[in-house]
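What follows is a single structure, written as structure tokens, with notes after it.
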Amino acid sequence: MNDSNPSVNPFIVARDGDVGALHGAVVAIGNFDGVHRGHRTVIDAARVRAMTLKRKVAALTFSPHPRKFLRPQDPLFQLSNDRNRLRLLAGAGLDGAIVMTFDAGLASTSAEDFIENILVGRFGIGGATIGFDFHFGKNRAGSPEFLRAQGERLGFPVEIVPPLEDEGRPVSSGAVRSALAEGKVVEAAELLGAPWFTSGEVIHGDKRGRELGFPTANIKLDPSCALKHGIYAVRAGIPDFGICDGVASFGIRPMFEVATPLLEVYLFDFDGELYGQTIDVAFIGWLRHERKFSSLEALKRNMMADVAQARESLKRAGKAFPVLGAV
């Protein structure tokens with residue numbers, strides 16, 4: 001669905017044990033939440049190394065996110081769920097991804113054992129690239145320099161990628177989360193390298209949008225989603241259709257006093273049936289805050305203005321949309 005960068009060779013996804021064709025690959029190691037521009041520098045370094053060594057190149061990542069396992073009491077706004085992270089990695093030109101289950105066993109594995117028994121013994125890696133701040137092993141005892149030293153001892157090259165900044169801002173998943181929490185989706189896109197997107201199943205709503213002349217595709221996002229409530233210019237990826245422009249409301253709909261946040265997407269020039277289908281929604285521009293209007297007519301007038309403003313925002317953005325591969 002909406003996989004805009006299919007590979008000639010299928011993207012391989014291996015989990016935990018036998019990694020098949022990815023055995024011996026050069027691996028970019030990290031959590032890769034959002035697969036932002038900083039992550040891509042690590043991935044690109046792995047791709048260059050793999051070409052030099054004539055090996056496959058893969059991401060080595062973890063599920064669930066280690067922070068969710070280690071600190072379940074602290075909600076984590078993940079920028080991409082597991083499937084979307086793999087689609088982004090497939091779109092980044094990798095041969096595949098190795099997804100390791102982050103559980104009590106992995107959390108208690110020492111840095112030494114992680115390198116010797118997993119990276120070398122199980123995966124037979126041909127090399128590794130990591131970010132400057134990547135730590136691993138029990139109590140995060142394994143540092144980038146430790147991995148590089150062990151790589152020299154065990155016979156595989158390790159490249160440590162320095163931090164990436166964008167006009168003085170660190171490019172990190174935390175920075176993207178902060179931008180989205182403030183509704184700054186253009187800033188988030190600059191850090192990511194493409195608009196931030198989410199996916200969800202279209203569910204039945206209360207049909208109020210249809211009654212107002214603006215039928216919407218309604219999606220419940222994960223409760224941890226910290227995107228600022230408001231109105232956005234969006235693009236949607238729709239199965240068997242392609243990309244469609246639109247305007248979306250994310251929030252509690254103050255006119256109708258709904259407690260649970262909902263994403264409601266009005267798609268321009270689309271009248272197909274979407275119930276039960278999973279669509280991608282990319283956030284292109286911020287339009288305004290949620291408001292409670294004096295009447296339904298006032299709401300409708302503002303919705304018409306939102307549509308006009310969204311069309312202008314989308315026109316300025318060109319064809320911006322995440323590059324997604326098939327998984």
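When the salt bridge (charged side-chain N to carboxylate O under 4.0 Å, His left out) test is applied to E312, no partner is found at least two apart in sequence or on another chain.
Rounding to the nearest 0.5 angstrom, the gap separating the CD1 atom in I231 from the CH2 atom in W286 is 7.5 Å. Annotation: the span from L191 atom CG to L164 atom CG amounts to 9.0 Å, rounded to 0.5 Å. Here the OG1-CG distance, from T198 to N84, works out to 7.0 Å after rounding to the nearest 0.5 Å. One distance of note links OG1 of T260 with CD1 of I252; it measures 10.0 Å at 0.5 Å rounding. Here R67 contributes atom CZ and Q78 contributes atom CD; the two are 9.5 Å apart, rounded to the nearest 0.5 Å. L192 CG to D166 CG: the interatomic distance, rounded to the nearest 0.5 Å, is 11.0 Å.
Under the 4.5 Å side-chain criterion, counting only non-hydrogen atoms from C-beta, V35 is in contact with L89. Taking the side chain as every heavy atom from C-beta outward, R49 and L53 approach each other to under 4.5 Å. Between L287 and V247 the shortest side-chain heavy-atom distance falls below 4.5 Å. Side-chain contact between I238 and L267 is present, with heavy atoms from C-beta onward closer than 4.5 Å. Put simply, the side chain of F62 reaches to within 4.5 Å of the side chain of L106, judged on heavy atoms. Contact of the I43 side chain with the R47 side chain is registered, since non-hydrogen atoms from C-beta on lie closer than 4.5 Å. Side-chain atoms of D280 and L324, non-hydrogen and from C-beta on, do get closer than 4.5 Å to each other.
With ring centers used as reference points, F270 lies under 6.0 Å from F241. A centroid separation of less than 6.0 Å is found between the aromatic rings of Y275 and H204.
Below 30°, between 30° and 60°, or above 60°: for F268 and Y266 the angle between ring planes is above 60°, a perpendicular geometry.
A salt bridge links R153 to E116: one of the charged nitrogens lies within less than 4.0 Å of a carboxylate oxygen. Under 4.0 Å is where a charged nitrogen must lie from a carboxylate oxygen, and between K138 and D113 no such pair does. Salt bridge annotation for R148-E159: absent, with no cationic side-chain nitrogen under 4.0 angstrom from a carboxylate oxygen. Look at E190 and R37 and you find no salt bridge, because none of the NZ, NE, NH1 or NH2 atoms lies under 4.0 Å from a carboxylate O.
With hydrogens and angles ignored, the 3.5 Å screen pairs no side-chain donor or acceptor of R235 with any backbone N or O of F283. The closest donor-acceptor contact from the side chain of H135 to the backbone of D133 lies under 3.5 Å. No donor-acceptor pair closer than 3.5 Å links the side chain of T216 to the backbone N or O of V265. A donor-acceptor contact shorter than 3.5 Å links the side chain of W196 to the backbone of L79. Using modelled atom types, one side-chain atom of D18 and one backbone atom of G20 make a donor-acceptor pair closer than 3.5 Å. Counting only distance, with no hydrogens or angles, the side chain of D95 and the backbone of V57 share a donor-acceptor pair below 3.5 Å. A side-chain donor-acceptor contact under 3.5 Å links H39 to the backbone of H36. Although no hydrogens or angles enter the test, the distance criterion places a donor-acceptor pair under 3.5 Å between the side chain of R122 and the main chain of D16. Put simply, the side chain of S108 gets close to the backbone of A104: a donor and an acceptor are under 3.5 Å apart.
Side-chain atoms of D103 and T101 include no donor-acceptor pair closer than 3.5 Å. Counting only N and O atoms by type, the side chains of D33 and S173 include no donor and acceptor under 3.5 Å apart.
The shortest heavy-atom contact between F77 and S224 is CB-O, 3.4 Å. Nearest heavy atom pair, residue S80 against residue L88, reads CB-CD1, 4.3 Å. Pairing each heavy atom of F11 with each of V327, the nearest pair is CD2-CG1, 3.6 Å. Scanning all heavy atoms of the two residues, the minimum distance from I279 to I219 falls at CG1-CD1, 3.7 Å. Nearest heavy-atom pair across K228 and G183 is CB-N, 3.4 Å. Between G30 and T61, the closest heavy-atom pair is O-OG1, 2.9 Å.
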*Should E187 and R169 be marked as a salt bridge (charged side-chain N to carboxylate O under 4.0 Å, His left out) after you check the CA-CA gap, both sets of side-chain angles, and the distance that decides it?*
CA-CA 10 Å; E187 180 178 319; R169 301 170 298 180; 3.5 Å; yes
*Go through the steps for I203 and L262 under the test side-chain contact (heavy atoms from CB on, under 4.5 Å), then give the verdict.*
CA-CA 10 Å; I203 61 174; L262 188 70; 4.3 Å; yes
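The residue from I115, I130, L119, I118 that alone fulfils the side chain to side chain contact (heavy atoms under 4.5 Å, CB included) condition with F136 is I115.
By the 6.0 Å and 45° rule, R85 does not stack over the aromatic ring of F32.
Crowding of D74 atom CG: a count of heavy atoms from other residues, nucleotides or ligands under 6.0 Å exceeding 12.
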